[in-house]
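Throughout, protein chains are lettered first and strands after them, A, B, ... in sequence-line order, and every chain is numbered starting at 1.
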Number of protein chains: 2
Amino acid sequence: MNASPTPMPGRPVRGSATGRSLMAALDLFGRRWTLRIIWELGNEPLGFRLLQRRCDGMSSSVLQQRLTELQEARLAEVLPDGNYTLTPLGHDARESLGPVIEWSRRWAAELADAPPSAAEGADDG
Amino acid sequence: MNASPTPMPGRPVRGSATGRSLMAALDLFGRRWTLRIIWELGNEPLGFRLLQRRCDGMSSSVLQQRLTELQEARLAEVLPDGNYTLTPLGHDARESLGPVIEWSRRWAAELADAPPSAAEGADDG
DNA sequence: GGATGGTGCTTCGGATTCCGAAGCACTGTG
DNA sequence: CACAGTGCTTCGGAATCCGAAGCACCATCC
């Protein structure tokens, strides 16, 4: 079921033999939906199906896989009430995404300034 | 060649209908090798084949696709000498990744403290 | 001239990953 | 009992990624 192993610092990373922690993080975050899940989970603890809905109805099989990876990587855990949440480490990770959010606003503004072909209605938010 | 369109703020994003700039950024960054390419390109301008080598010999077809996406998103451009480089906006994006790097070190330390099963030799940075 | 090796980039068959509908076991609620 | 919700799994097909091979081009060397 789990084709490629969960990226971990100190272990060989998918497509790399170095295992440097940054590369492991880049590999972990560079998987479809992972960034989004961390983001949504950072707002509040969520159950499986609700989290799935927050992620635009992403595939349940992939969500399950990502959730497993995130738990193995100590970024997420299951609350006593069964909901998924971010660990302190996971919250740190999400907070480290803050500058990325700020950047994305500048990005939207920049593209609205000089649109390649079209970029109207950038509602940012 | 280009299956899914380049994520752009203000446009519908893969798997989403909102098009909010953050989701677009999350979609763009959440593609295989994209984060890594930005990181490597941020160190210095690189030619295609050298950049490919820096990215652990990633597939040339995917590299070409990512490079196109990055150019469309105004994060990368081609220098007069033919090398690829980051635009000012691209450099901002990379800098916004700084906290993520710091976090990845804490991540490595945390996992070295309480290893799930094994995480030795975390050579970090 | 011709051989060699470098470049950016493309093609294409096969491997991997993702998708999503369907279903399972379980827990409530009426 | 029926009904609806949950977390999670299965599985066939679609999308994506991989990587070896090759193309056209350019520089160097003999």
- With B:His91 as partner, the option from B:Ile38, B:Leu41, B:Leu86, B:Leu75 fulfilling side-chain contact (heavy atoms from CB on, under 4.5 Å) is B:Leu86

Given atom [atom1] of [X] and atom [atom2] of [N], what is their separation to the nearest angstrom?
{"X": "B:Leu63", "N": "C:dC9", "atom1": "CG", "atom2": "P", "answer": "9 Å"}
{"X": "B:Leu79", "N": "C:dT7", "atom1": "CG", "atom2": "P", "answer": "17 Å"}
{"X": "B:Asp27", "N": "D:dT16", "atom1": "CG", "atom2": "P", "answer": "10 Å"}
{"X": "B:Leu67", "N": "C:dT10", "atom1": "CG", "atom2": "P", "answer": "11 Å"}
{"X": "B:Arg31", "N": "D:dC17", "atom1": "CZ", "atom2": "P", "answer": "8 Å"}
{"X": "A:Asp56", "N": "C:dC19", "atom1": "CG", "atom2": "C1'", "answer": "14 Å"}
{"X": "A:Gln52", "N": "C:dA22", "atom1": "CD", "atom2": "C1'", "answer": "13 Å"}
{"X": "B:Trp33", "N": "D:dT16", "atom1": "CH2", "atom2": "P", "answer": "18 Å"}

- Message: From the set C:dC19, D:dC17, C:dC18, return the single nucleotide nearest to any side-chain atom of B:Arg32.
- Response: D:dC17

- Between D:dC17, D:dT9, D:dG19, which one does the side chain of A:Ser60 approach most closely?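 Nearest to the side chain of A:Ser60 among the choices is D:dT9.
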
- Under the salt bridge (Lys or Arg N to Asp or Glu O under 4.0 Å) rule, what pairs show up with a residue in residues 40-52 of chain B, not counting sequence neighbours?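 Listed once each, the pairs are B:Arg36-B:Glu40, B:Glu44-B:Arg54.
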
Judged by atom type as modelled, is there a donor-acceptor pair below 3.5 Å linking the side chain of [X] to the main-chain atoms of [Y]?
{"X": "A:Gln71", "Y": "A:Leu67", "value": "yes"}
{"X": "B:Thr85", "Y": "B:Leu79", "value": "no"}
{"X": "A:Trp107", "Y": "B:Ala73", "value": "yes"}

- B:Gln65 side-chain N/O to D:dT16 phosphate OP1/OP2 under 4.0 Å: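 No.
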
- Item | Trace of the side chain to side chain contact (heavy atoms under 4.5 Å, CB included) decision for B:Met58 with B:Ile37 | CA-CA 10 Å; B:Met58 67 170 288; B:Ile37 291 170; 4.2 Å; yes

- Message: As a quick check of understanding, evaluate side chain to side chain contact (heavy atoms under 4.5 Å, CB included) for B:Arg105 and B:Glu102, giving each step before the final call.
- Response: CA-CA 5 Å; B:Arg105 295 183 197 273; B:Glu102 292 179 31; 5.6 Å; no

Using nucleotides 5-7 of chain D, report all nitrogen or oxygen pairs with the protein that are shorter than 3.5 Å.
unit_1 : atom_1 : unit_2  : atom_2 : d
D:dT6  : OP2    : A:Arg53 : NH2    : 3.2
D:dG7  : OP1    : A:Phe48 : N      : 2.4
D:dG7  : OP2    : A:Phe48 : N      : 3.2
D:dG7  : OP2    : A:Arg49 : N      : 2.5
D:dG7  : N7     : A:Arg49 : NH1    : 2.6
D:dG7  : O6     : A:Arg49 : NH1    : 3.1

